[in-house]
Amino acid sequence: MNPTPATLMRTYLELKAQADAIKNAMDTVKAQLAQALPDGGEIDGHKVTMVRGRINWNTVRKAYPVADFPQLYRQEIVLDQDKAQAMIAPAQLDEYRAQATVSIR
């Protein structure tokens with residue numbers, strides 16, 4: 001007998017809660033390792049390194065607006081998605097649509 005959708009959802013939510021708890025515990029351990037080894041190191045054959053964070057380019061754009069810093073920006077032709085949706089048949093656009101995925105919130 002196949003499980004019901006309600007049973008599948010309960011199982012999913014239980015697994016998600018366990019995964020979230022594990023991720024939080026791992027993040028805590030990583031933070032403790034970062035404090036203990038600020039320059040990185042090796043423990044039991046595992047290399048611990050500090051990786052620089054990525055630059056948040058949206059924050060940079062806000063701090064350096066194009067009106068004040070045009071030299072930081074380039075002019076380029078960008079597809080206008082609204083116009084493309086208005087002018088190309090939906091069936092044609094469906095050919096470019098990504099595969100559907102399941103989202104559970």
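- For the atom pair CG of D39 and OG1 of T49, the computed distance is 12.0 Å after rounding to the nearest 0.5 Å.
- Taking Ile, Leu, Val, Met, Phe, Trp and Tyr as members and joining any whose side-chain heavy atoms lie under 4.5 Å apart, directly or through other members, the hydrophobic cluster of V60 also contains I55, W57, Y64, V66, F69, L72, Y73.
- Atom CD of E76 sits in a crowded spot, with more than 12 heavy atoms from other residues, nucleotides or ligands closer than 6.0 Å.
- Using modelled atom types, one side-chain atom of T28 and one backbone atom of N24 make a donor-acceptor pair closer than 3.5 Å.
- Shown here is E42, whose CD atom has more than 12 heavy atoms of other residues, nucleotides or ligands within 6.0 Å.
- For the side chain to side chain contact (heavy atoms under 4.5 Å, CB included) with M9, the qualifying choice from L13, T11, T7 is L13, the only one to do so.
- Contact detail for A34 and M50: the closest heavy-atom pair is CB-CE, 3.6 Å.
- Legend: salt bridge (charged side-chain N to carboxylate O under 4.0 Å, His left out) pairs involving residues 80-97, not counting sequence neighbours, sorted by first then second residue: D94-R97.
- At least one side-chain heavy atom of L15 sits less than 4.5 Å from a side-chain heavy atom of Q18.
- Through direct or indirect side-chain contacts shorter than 4.5 Å among Ile, Leu, Val, Met, Phe, Trp and Tyr, I88 is connected to L93.
- Taking CG of N58 as the reference point, atom CZ of R61 lies at 5.0 Å (rounded to 0.5 Å).
- Remark: D27 CG to K23 NZ distance equals 3.5 Å, nearest 0.5 Å.
- Atom-to-atom distance recorded for L37:CG and I43:CD1 is 4.5 Å, nearest 0.5 angstrom.
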